[in-house]
Amino acid sequence: MLDLKVMSAPQSRFVKACRAQPVDRTPVWFMRQAGRYMPEYGAVRKQYSLIEICQRPKVAAEVTITAAEILGVDAAIIFADLLLPLEVMGLPFHFSAGEGPVIEKPVRAQEDVDHLRTDRAADLSYVSEAVGLVCRHFGDRLPVIGFCGAPFTLASYMIEGGGSRNYIHTKKMMYSSPDTWGELLRKLVAVTSEYAAEQVRAGADAIQVFDSWVGCLSVEDYRRYVLPCTTELVRKLQATGAPVIYFGTDTATLLPSMQETGADVIGLDWRIPLDEGWAKLDNKGAVQGNLDPVLLFAGWPELKSRAQDILRRAGGRPGHIFNLGHGILPETPVENVKALAKFIQERGTL
């Protein structure tokens with residue numbers, strides 16, 4: 001196990017909350033807090049594409065730092081893209097305007113999986129370099145979150161060729177070619193675990209594992225086809241000494257199974273009341289969430305009321321990290337995000 005001193009801010013309230021330890025107030029940060037809703041990010045995007053930002057550590061660090069400082073949040077999450085590991089595995093992708101990521105040659109058969117490489121995770125070192133720059137900027141003043149995609153979500157992108165509504169090709173492989181499916185997930189765990197662990201070695205205080213699309217699965221399918229490999233990933237990441245946050249959307253039915261991965265924090269989306277979600281986890285461990293991102297478009301009285309309700313449901317118990325139930329959306333009013341962060345910090349005293 002790595003020495004905890006690798007982490008840049010291990011005594012921060014955010015890290016303590018991840019470990020369900022008592023803190024003076026509820027920590028708050030937002031998924032996708034550096035993004036298109038922010039004019040400063042828009043100015044950077046006029047110079048660089050999304051991937052170019054990711055691949056330039058100084059630019060990625062600048063975007064990460066700027067968003068955290070403008071919002072006044074309790075943690076900075078490194079600016080990167082979920083799909084970066086696909087490139088080093090030999091699966092090129094590009095972004096199509098209005099359609100999101102497009103995988104040029106989807107993985108559909110055993111031979112496609114055979115061709116995927118697992119020996120080039122080090123080629124993603126530009127992300128850990130950006131993490132190091134952010135950590136040096138903040139020191140122990142603000143913790144830095146690294147992240148990676150979960151095996152199922154990355155596999156679904158690889159197989160579907162992009163986003164999907166029904167995940168037909170993904171489930172077809174799961175059901176019809178379980179050995180191929182298993183090998184694909186093993187390769188993804190090998191690459192993402194090395195990639196994310198390197199972020200911790202660079203100073204990241206926690207790793208968030210994004211399982212954005214896992215809510216399309218039944219409990220039975222999750223447990224049979226996803227839980228074992230995701231558990232392996234979580235354990236590999238926890239061996240770094242950093243806490244792991246495991247987040248998915250539309251996962252109310254999966255929460256008890258997701259907890260079995262051993263992740264330190266379970267992210268809750270907005271579809272389930274926070275106290276009910278925590279109860280599904282037997283009120284054990286930490287939870288993160290879970291305001292509907294669209295509420296940031298509402299007037300302040302409504303936004304404030306909903307935020308208060310989440311704090312009320314958390315009940316002041318150790319282990320609550322305030323966040324949205326998914327990422328900040330484009331066109332979101334920046335002032336509402338800043339006001340929400342300030343409100344949580346003032347009212348979320350435990």
Side-chain angles (χ1 to χ4, degrees), residues 14 27-84 87 93-102 124 126-138 141-149 163 199 202-206 208 210 212 245 247 249 267 288 291-298 303 322-342 344-345:
F14 166 75
V28 53
W29 71 278
F30 304 111
M31 287 180 279
R32 219 181 289 139
Q33 61 190 18
R36 286 177 287 172
Y37 76 104
M38 206 170 260
E40 292 80 0
Y41 175 75
V44 176
R45 277 300 304 272
K46 288 179 180 178
Q47 301 177 61
Y48 306 104
S49 69
L50 173 61
I51 297 300
E52 286 172 338
I53 295 174
C54 297
Q55 293 176 339
R56 288 169 165 77
K58 289 183 179 179
V59 181
E62 175 196 338
V63 168
T64 302
I65 291 165
T66 299
E69 290 185 334
I70 287 174
L71 300 178
V73 287
D74 293 304
I77 185 166
I78 194 64
F79 186 90
D81 189 77
L82 213 63
L83 300 187
L84 296 177
E87 193 80 48
F93 65 93
H94 66 273
F95 287 91
S96 178
E99 295 182 20
V102 176
L124 297 170
Y126 52 82
V127 176
S128 57
E129 189 178 336
V131 169
L133 292 173
V134 178
C135 291
R136 282 195 286 278
H137 175 84
F138 286 120
R141 292 184 295 118
L142 200 73
V144 179
I145 306 167
F147 75 88
C148 65
Q199 295 177 49
D205 295 282
Q208 175 150 318
F210 283 90
S212 308
I245 305 167
F247 170 76
T249 58
Q288 179 175 278
L291 187 80
D292 185 340
V294 179
L295 274 162
L296 287 167
F297 291 85
L303 177 55
F322 192 96
N323 207 311
L324 305 178
H326 204 183
I328 295 178
L329 298 164
E331 313 302 328
T332 296
V334 177
E335 292 306 313
N336 276 0
V337 186
K338 292 166 66 174
L340 177 60
K342 183 178 180 182
I344 297 301
Q345 290 166 342

Sub-4.5 Å side-chain heavy-atom contact between Q199 and V144: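 No, side chains not in contact.
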
Grab the two heavy atoms, one from [X] and one from [Y], that are nearest each other, plus how far apart they are.
| X | Y | result |
| --- | --- | --- |
| A76 | A68 | CB-CB, 3.8 Å |
| Y126 | C54 | CD1-O, 3.0 Å |
| V73 | A341 | CG1-CB, 4.2 Å |
| F30 | L324 | CD2-CG, 3.8 Å |
| A80 | F147 | O-CZ, 3.4 Å |
| F79 | A34 | CE1-O, 3.9 Å |

Parallel, tilted or perpendicular: rings of F210 and F247 (30°, 60°):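 F247 and F210: perpendicular rings.
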
Enter the distance from [X]:[atom1] to [Y]:[atom2] here, rounded to the nearest 0.5 Å.
| X | Y | atom1 | atom2 | answer |
| --- | --- | --- | --- | --- |
| E62 | K58 | CD | NZ | 11.5 Å |
| T64 | I145 | OG1 | CD1 | 10.5 Å |
| R56 | I51 | CZ | CD1 | 11.5 Å |
| L291 | F322 | CG | CZ | 5.0 Å |
| T66 | M38 | OG1 | CE | 8.5 Å |
| I245 | I77 | CD1 | CD1 | 7.5 Å |

Side chain to side chain contact (heavy atoms under 4.5 Å, CB included) between V59 and E52, intermediate numbers included: CA-CA 9 Å; V59 181; E52 286 172 338; over 6 Å; no

Distance-only check: which donor-acceptor pairs under 3.5 Å involve side-chain atoms of residues 330-337, not counting sequence neighbours?
| from | atom 1 | to | atom 2 | distance (Å) |
| --- | --- | --- | --- | --- |
| T332 | OG1 | L329 | N | 3.4 |
| T332 | OG1 | L329 | O | 2.6 |
| N336 | ND2 | L296 | O | 2.6 |
| N336 | ND2 | A298 | O | 3.2 |

List, one per line, each side-chain donor-acceptor pair under 3.5 Å for residues 127-136, sequence neighbours excluded.
| from | atom 1 | to | atom 2 | distance (Å) |
| --- | --- | --- | --- | --- |
| S128 | OG | S125 | O | 2.9 |

Where at least one partner belongs to residues 28-41, residue pairs that pass side chain to side chain donor-acceptor pair (under 3.5 Å), sequence neighbours excluded: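 Listed by first then second residue: W29-Q288, Y41-R45.
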
Check: M31 main-chain N/O paired with Q208 side-chain donor or acceptor under 3.5 Å: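 Side chain of Q208 to backbone of M31: no pair is present.
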
